[in-house]
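Input: a single structure, listed below in structure tokens.
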Amino acid sequence: MTTTTALVLNQLNGPFSFETVKLDTLRPDEALVEIHASGICHTDLACADGTLPAFAPAVLGHEGAGIVLRLGSQVENVAVGDKVLLSFSHCRDCRPCKAGHPANCHLFKSLNFGGKRPDGSSVMHKQDDKGGHPFFSRFFGQSSFSRHAVVSMSSLVKVPSDTDLALFAPLGCGLQTGAGAVLNTLDVQAGSSVAVFGAGSVGMSAIMAAKMRRAGVIIAIDLQQSRLDLASQLGATHTVLGNAPDILAQIRQLAPPNGVDYAVDCTGVPAVIETMIEALGSRGHAASVGAPTPGKKTGVDIFAHVVHGRRYSGCCEGDSIIPYLMEEYSKGNYPVDKLVTFYDFGDFQQAIDDTKRGTALKAVLVWKE
């Protein structure tokens, strides 16, 4: 077994702490990765406080980046020494996976939010005061809030040897989700109008993707003026404060005659989702990427939905576009560097606090020698 240091959440809504854990022996479809950086996603924080389905004790983290140290016998897509970005886990065998939509894997919830491997075994453990072995998880196939991680083969994305791992770590979840909602789920067309509700890192990624698609009108909606100012720098043609009483009127004025062609919600707030759907024009298409607590519902004016031919879709992980976004960054079209703030892993609490306050759009934890 490999002994390593990990950021452990011992109980839901409790503090994180650095602890020594042992990693189990690799299974054939796993790799041992030395983690160099891991982004903090709101999903990590929502699971930590119990808002999303979660378990404890656990090692979270699902935007990891590092170097492959060892391989299981079935791993063929990477080699020892390769740089990799880590994303979500999927079975690779169900219909969505085989159809090129692994983010809609039939086993997505159990593979990414479950506490153990598919065979029921555990990946991490430590001795407790009574000599027992509390088990820790393989969150999203990686649990990358750790110096070393046992990673599912399906979570590995090989990247070039000169890749800045800390810069691109957030592509593993949040950033690819925002961009993928625009590029894949909505398939935004040139000259069209787009509204993005919530200008955090996911929303900013969606805005940059809309600019990449040459959308004619890109509207950013957020409660913080500072975020709206940055959104304007990254591609938004117009901005609207989220607490304005006439949001719909403003949007329809910017996208006449009756609303936008496309919209993305990155908040997961039911009331905001209702507003997003109402902001759609004829044959408009909206997508949700923000996820509230399971069981939350939103309302739809069915008559308006039918008459205007609107569509409303769910979008999970953006349908996997990491290599494409890296290419667009190299061309100057996807300035992810405008979004990230780097923190030493030892300063994890500051990074978490800054993320919750919104002062850091995308915090990235880095292991420094």
Side-chain angles (χ1 to χ4, degrees), residues 27 29-31 38-48 50-56 58-64 74-75 77 84-123 136-145 149-157 169-181 183-186 202 205-206 264-266 268 273 287-297 312-323 325:
R27 297 295 194 265
D29 62 346
E30 297 173 340
S38 186
I40 295 178
C41 180
H42 280 283
T43 297
D44 293 310
L45 303 183
C47 285
T51 300
L52 291 179
F55 48 84
V59 174
L60 304 177
H62 62 289
E63 294 180 345
Q74 296 177 3
V75 181
N77 53 328
V84 290
L85 300 185
L86 308 181
S87 193
F88 59 91
S89 181
H90 51 283
C91 75
R92 311 204 313 169
D93 292 324
C94 68
R95 183 182 297 177
C97 284
K98 289 183 176 179
H101 301 286
N104 301 123
C105 174
H106 290 167
L107 299 178
F108 186 91
K109 182 178 179 180
S110 61
L111 290 177
N112 293 289
F113 291 91
K116 299 182 179 182
R117 292 180 172 114
D119 65 4
S121 62
S122 298
V123 178
F136 299 91
S137 68
R138 184 174 62 162
F139 190 60
F140 274 68
Q142 55 179 284
S143 288
S144 55
F145 285 171
V150 172
V151 179
S152 167
M153 174 173 61
S154 65
S155 298
L156 298 164
V157 179
L171 295 186
C173 182
L175 299 190
Q176 75 166 344
T177 298
L183 301 174
N184 293 330
T185 303
L186 297 179
V202 177
S205 184
V264 182
D265 173 67
C266 306
I273 295 171
S288 276
V289 300
T293 303
K296 293 287 185 180
K297 298 180 180 181
Y312 173 48
S313 300
C315 172
C316 183
E317 298 289 348
D319 254 359
S320 307
I321 53 173
I322 290 175
L325 293 179

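As a basis for the values below, the full set of heavy atoms in this structure was taken, side chains included, without hydrogen atoms, waters or symmetry mates.
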### Query
Is there a side-chain contact between L86 and V157 (heavy atoms, below 4.5 Å)?
no

#### Entry: Contact check, side chains of S143 and L60, non-hydrogen atoms, under 4.5 Å
no

### Message
Which label fits F88 and F108: parallel for a plane angle under 30°, tilted from 30 to 60°, or perpendicular past 60°?
### Response
tilted

### Message
Could you tell me if the side chain of P96 sits less than 4.5 Å from the side chain of C105, heavy atoms only?
### Response
no

#### Entry: Check: E317 and C173 side chains under 4.5 Å, non-hydrogen atoms
yes

### Query
What is the minimum heavy-atom distance between P292 and L52, and which atoms define it?
O-CD2, 3.4 Å

### Query
With a 4.5 Å heavy-atom cut-off, do H106 and C97 have their side chains touching?
no

### Query
Can you check whether G64's main-chain N or O pairs, donor with acceptor, with Q142's side chain at less than 3.5 Å?
yes

### Summary
So CD of E30 and CD of Q74: to nearest 0.5 Å the spacing works out to 10.0 Å

### Query
So, does S87 use its side chain to make a donor-acceptor pair with the main chain of G172 at under 3.5 Å?
yes

### Message
Restricting to non-hydrogen atoms, name the atom on C266 and the atom on V264 that form the minimum distance, rounded to 0.1 Å.
### Response
SG-CG1, 3.9 Å

### Message
Assess, by modelled atom type and distance only, whether the side chains of R117 and S152 contain a donor and an acceptor separated by less than 3.5 Å.
### Response
no

### Message
As an exercise, state the distance from CG of L111 to CZ of F139, rounded to the nearest 0.5 Å.
### Response
13.0 Å

### Query
Between K98 and R92, is any pair of side-chain heavy atoms under 4.5 Å apart?
no

#### Entry: Steps toward side-chain contact (heavy atoms from CB on, under 4.5 Å) verdict (S288, Y312)
CA-CA 8 Å; S288 276; Y312 173 48; 2.6 Å; yes

### Message
Run the side-chain contact (heavy atoms from CB on, under 4.5 Å) test on C316 and N104 for me, step by step, so that the C-alpha distance in whole Å, both residues' side-chain angles and the decisive distance to 0.1 Å come before the verdict.
### Response
CA-CA 7 Å; C316 183; N104 301 123; 4.3 Å; yes

### Query
Can any side-chain N or O of S154 pair as donor or acceptor with the backbone N or O of C91 at less than 3.5 Å?
no

### Task
Using modelled atom types only, decide if a donor and an acceptor are shared between the side chain of S38 and the backbone of F145 within a distance under 3.5 Å.
no

### Query
Centroid-to-centroid, F140 to F113, below 6.0 Å?
yes

### Query
How many angstroms lie between atom CD1 of I273 and atom CG of D265, to the nearest 0.5 angstrom?
4.5 Å

### Query
Do N77 and L156 touch side chain to side chain, with heavy atoms closer than 4.5 Å?
yes

#### Entry: Side-chain heavy-atom pair V289, V202 within 4.5 angstrom cut-off
yes

### Task
Return yes if a side-chain donor-acceptor contact under 3.5 Å exists between H62 and D44, otherwise no.
yes

### Query
Between S144 and E63, is any side-chain donor less than 3.5 angstrom from a side-chain acceptor?
no

### Message
As a quick check of understanding, evaluate side-chain hydrogen bond (donor to acceptor under 3.5 Å, both in side chains) for S89 and R138, giving each step before the final call.
### Response
CA-CA 10 Å; S89 181; R138 184 174 62 162; 5.1 Å; no

### Query
Do the side chain of Q176 and the main chain of I321 share a donor and acceptor less than 3.5 angstrom apart?
yes

## Note on the structure
When rounded to the nearest 0.5 Å, the distance separating OG1 of T185 from NE2 of H101 is 9.0 Å

### Summary
Closest non-hydrogen contact found for D319 with G100 is OD1-O, 4.4 Å

